[in-house]
Amino acid sequence: MRPIIFLSDLGVRDEFVGVCHAVIETRAPGAKVIDLSHGVPPQDVGTGAVLLADAAPFLPADSVVLGIVDPGSGSERKAVAVTTVSGMLLVGPDNGLLSMAWNVLGGIASAVEITASEVLLSPVSKVFQGRDVFAPAVAHVARGGDPVALGPALDPATLVTAHLNEPDVEHGLIKGEVFDVDRFGNVRLNVRMSHVEAADLAAAGELEAVSPAGSVKAIRVDTYREIPEGAVGLLVDAWGWLSLARFATEAASALDVGPGDMVWLKPLE
Amino acid sequence: MRPIIFLSDLGVRDEFVGVCHAVIETRAPGAKVIDLSHGVPPQDVGTGAVLLADAAPFLPADSVVLGIVDPGSGSERKAVAVTTVSGMLLVGPDNGLLSMAWNVLGGIASAVEITASEVLLSPVSKVFQGRDVFAPAVAHVARGGDPVALGPALDPATLVTAHLNEPDVEHGLIKGEVFDVDRFGNVRLNVRMSHVEAADLAAAGELEAVSPAGSVKAIRVDTYREIPEGAVGLLVDAWGWLSLARFATEAASALDVGPGDMVWLKPLE
Amino acid sequence: MRPIIFLSDLGVRDEFVGVCHAVIETRAPGAKVIDLSHGVPPQDVGTGAVLLADAAPFLPADSVVLGIVDPGSGSERKAVAVTTVSGMLLVGPDNGLLSMAWNVLGGIASAVEITASEVLLSPVSKVFQGRDVFAPAVAHVARGGDPVALGPALDPATLVTAHLNEPDVEHGLIKGEVFDVDRFGNVRLNVRMSHVEAADLAAAGELEAVSPAGSVKAIRVDTYREIPEGAVGLLVDAWGWLSLARFATEAASALDVGPGDMVWLKPLE
């Protein structure tokens with residue numbers, strides 16, 4: 001039995017996630033389902049795609065990924081199952097959600113559209129295909145079924161892909177943006193150390209971080225603990241993203257920034 | 001080992017749900033427990049009952065359901081285990097929480113009161129019987145124990161039942177109400193397509209939805225994607241309820257309605 | 001395979017918890033992981049320690065506990081694995097989080113520092129050692145590995161311990177404080193019945209509860225249901241703590257108190 005990794009924007013308040021688990025258990029009794037996160041911002045395919053790609057190296061190699069961030073449920077968008085070169089299977093809507101992960105996992109080996117009526121629940125709801133299409137599809141594969149039984153082959157080149165905005169980098173200036181704020185109020189930027197090096201800012205122990213709300217000094221640190229009380233730190237988070245943080249309090253609310261806000265990094269004047 | 005389906009209003013912040021899982025694992029090592037939802041509004045037995053009934057057709061046929069929405073914990077209300085005609089077992093307080101589900105599952109085959117001291121934890125807390133009464137009872141049954149060992153038989157006719165308010169339907173008018181607002185801000189009404197047909201409104205592509213906060217045009221659609229930007233859609237959700245929705249934003253906050261608010265549906269003038 | 005009990009302040013919005021689950025599944029396929037709670041207030045080691053100690057008697061005797069409330073991740077604080085006299089294994093940062101639990105579980109039989117590079121992920125992130133240090137360590141033990149393989153032995157006397165503030169008790173007066181407010185708005189005090197008895201207040205059916213926001217009459221009850229509408233009740237919760245509660249509404253918001261606020265209990269005048 002292959003482990004199932006479940007990522008969605010469905011939240012944990014409602015029964016959406018639990019019903020998918022129940023359908024999987026019905027079709028693949030004893031299957032192991034790991035909830036990666038159900039806190040992707042509602043209908044935010046891009047953030048979901050980044051989260052899944054970041055997590056991909058830490059998933060069991062034979063995982064079946066169930067990804068549901070699906071604002072187009074019931075529309076013309078396809079339901080797909082993508083086998084990666086690394087051997088993982090990614091199941092979800094063809095809207096880019098899975099695309100950054102398959103890049104991390106060596107690219108696409110093969111892909112099918114999920115249409116097989118003998119796999120799907122009946123009837124299929126137009127508004128929640130997680131329950132009726134995606135959950136039974138992953139159950140089929142988790143219990144050893146061949147993905148080709150899910151439906152006709154797709155040309156990988158036709159699949160929708162998602163992209164994270166890249167920061168603009170010039171000498172002494174990185175024009176980035178916030179792409180997530182986590183549970184602790186840490187502000188995750190779309191900036192990696194490679195951008196800092198490209199901007200010739202790697203040696204600076206302090207930088208200026210400019211946002212729509214103002215400007216702060218950001219002290220380069222390796223751990224949260226090193227950030228002096230009241231100060232803002234800039235560190236590389238566990239996924240390689242630069243992150244603005246404070247110790248024992250929220251950086252996001254203190255800096256008055258949220259997802260989509262621009263943050264520029266430049267030398268402290 | 002029978003799968004356990006766990007529904008409650010206990011939330012996921014505190015340790016209440018986790019401790020029930022731990023008690024189940026202690027008494028029935030290796031048991032599979034699926035969290036259907038722990039986001040039932042606090043002490044809202046009616047909403048919990050609807051949620052469980054909606055989910056029932058999607059649960060494994062041999063499920064043991066653990067339902068905890070229990071404002072009367074420690075009072076005279078009984079702790080019960082109900083075997084349905086379909087063969088599922090429903091465990092929880094005798095306050096109506098389980099009653100809509102057993103109706104969906106063919107009715108009651110037999111019922112017992114949970115009193116067996118050799119099954120319960122000792123001592124039994126008066127304020128959280130989920131841990132001390134219900135969790136060990138489902139563990140007993142999940143690992144193959146006979147429900148009759150839980151305590152004395154009950155006359156099914158004596159069990160408490162819950163009922164959802166039915167909308168008032170007349171020609172050209174449905175007087176319904178909001179019974180839930182989900183994670184996405186979709187407004188679930190206590191109205192089904194049968195009511196729309198009874199009101200002779202099934203052919204209308206647009207309706208007027210009147211709430212305490214005002215009146216909006218609601219466009220009949222099949223999917224969220226079809227709702228024009230800025231407009232309000234009216235669709236049948238994945239459980240058969242009519243729901244007011246907007247695309248990529250929350251209908252509930254835009255319409256200024258919440259659970260219990262009346263919503264009338266009538267022809268657009 | 002030993003069951004893993006996972007407690008943290010990581011929340012359920014982000015991928016932190018899910019990635020730890022994925023690492024455990026990779027290293028110990030099929031391991032059972034029970035989420036005790038991930039809602040410990042961010043970086044609040046003391047509240048996490050109390051929660052874990054309260055839950056300890058309800059955990060399977062052979063549990064491997066994974067505790068992550070770790071504001072000092074990547075700093076000099078040690079990563080430790082503590083075997084209790086009762087036979088449980090507690091894994092987490094050496095900051096006191098695990099200490100109240102090992103007291104409940106008979107004390108420490110042995111302890112090691114987690115350093116073994118063949119167990120840890122590589123590289124080890126400085127900012128999220130839950131994923132790279134603690135998760136693989138519990139996976140090692142859950143699948144039968146010996147804790148001594150995790151790293152060098154530690155003198156138990158050198159481990160950091162946490163303590164809950166004790167209330168000041170005198171005749172007719174208990175000077176306590178709020179240490180948690182739960183999902184239902186119940187106000188948990190650092191007061192147990194032993195303090196009430198020591199203050200000679202055990203016989204009083206009603207007490208006065210004084211907080212920074214004012215003073216209310218608190219009626220001694222055994223269950224939530226007994227609290228008259230509009231009144232405030234004082235009851236012993238499922239873990240033995242005195243708790244201020246109201247029926248079907250939140251006591252905390254009505255009383256305008258939160259964690260850390262003082263609450264004095266004294267005879268009603």
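Only heavy atoms go into these numbers, but all of them, side chains included; no hydrogens, no water, no symmetry mates. Lettering follows sequence order; numbering is per chain, from 1. From a predicted model like this one, the values you see are computed outputs, not experimental measurements.
D54(B) and W241(B) form a side-chain donor-acceptor contact under 3.5 Å, judged by distance and modelled atom types alone. Between the side chains of T223(B) and E226(B), at least one donor N or O sits under 3.5 Å from an acceptor N or O.
Under a cut-off of 6.0 angstrom, the local environment of CD in E76(A) is sparse, with at most 12 non-hydrogen atoms contributed by other residues, nucleotides or ligands. Heavy atoms from other residues, nucleotides or ligands lying under 6.0 Å from NZ of K32(B) number more than 12.
Only the side chain of S125(A) has a heavy atom closer than 4.5 Å to any heavy atom of chain B. At a 4.5 Å heavy-atom cutoff, the contact between D9(A) and chain B is made by backbone and side-chain atoms alike. Heavy-atom distances place the side chain of L235(B), and not its backbone, under 4.5 Å from chain A. Looking at V181(B), the atoms closer than 4.5 Å to chain A (heavy atoms on both sides) all sit in the backbone: N, CA, C or O. With a 4.5 Å cut-off on non-hydrogen atoms, L59(B) touches chain A through its backbone and its side chain both. Using a 4.5 Å cut-off between heavy atoms, R27(A) makes no contact with chain B at all. Of the atoms belonging to D222(B), heavy atoms from both backbone and side chain fall under 4.5 Å from chain A.
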Assess the residue pair E206(B) and K217(B) against the criterion (salt bridge (Lys or Arg N to Asp or Glu O under 4.0 Å)); give the C-alpha distance rounded to whole Å, side-chain angles, the decisive distance to 0.1 Å, and a yes or no. CA-CA 7 Å; E206(B) 300 177 345; K217(B) 181 173 75 172; 3.7 Å; yes
Worked verdict on R188(B) versus D237(B) for salt bridge (Lys or Arg N to Asp or Glu O under 4.0 Å): CA-CA 8 Å; R188(B) 191 177 285 184; D237(B) 80 4; 2.9 Å; yes
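For the set P3(B), A61(B), S243(B), G39(B), the count of heavy-atom pairs under 4.5 angstrom toward chain A peaks at G39(B). Options I5(B), V12(B), D180(B) differ in how many heavy-atom pairs under 4.5 Å they form with chain A, and the most are formed by D180(B). Interface check for chain A: of the options I34(B), D62(B), V40(B), D35(B), the most heavy-atom pairs under 4.5 Å are formed by I34(B). Among P41(B), P60(B), A245(B), the residue with the largest count of heavy-atom pairs under 4.5 Å with chain A is P60(B). Contact count versus chain B (heavy atoms, under 4.5 Å) is highest, among S73(A), G74(A), G11(A), for G11(A).
With a 4.5 Å cut-off on side-chain heavy atoms, L90(B) and W102(B) count as touching.
Scanning residues 16-25 of chain A against chain B with a 4.5 Å non-hydrogen threshold yields F16(A), G18(A), V19(A), H21(A), A22(A), V23(A), E25(A), sorted by number.
In summary, R225(B) and D70(A) do not engage in a salt bridge, as defined by a charged side-chain N under 4.0 Å from a carboxylate O.
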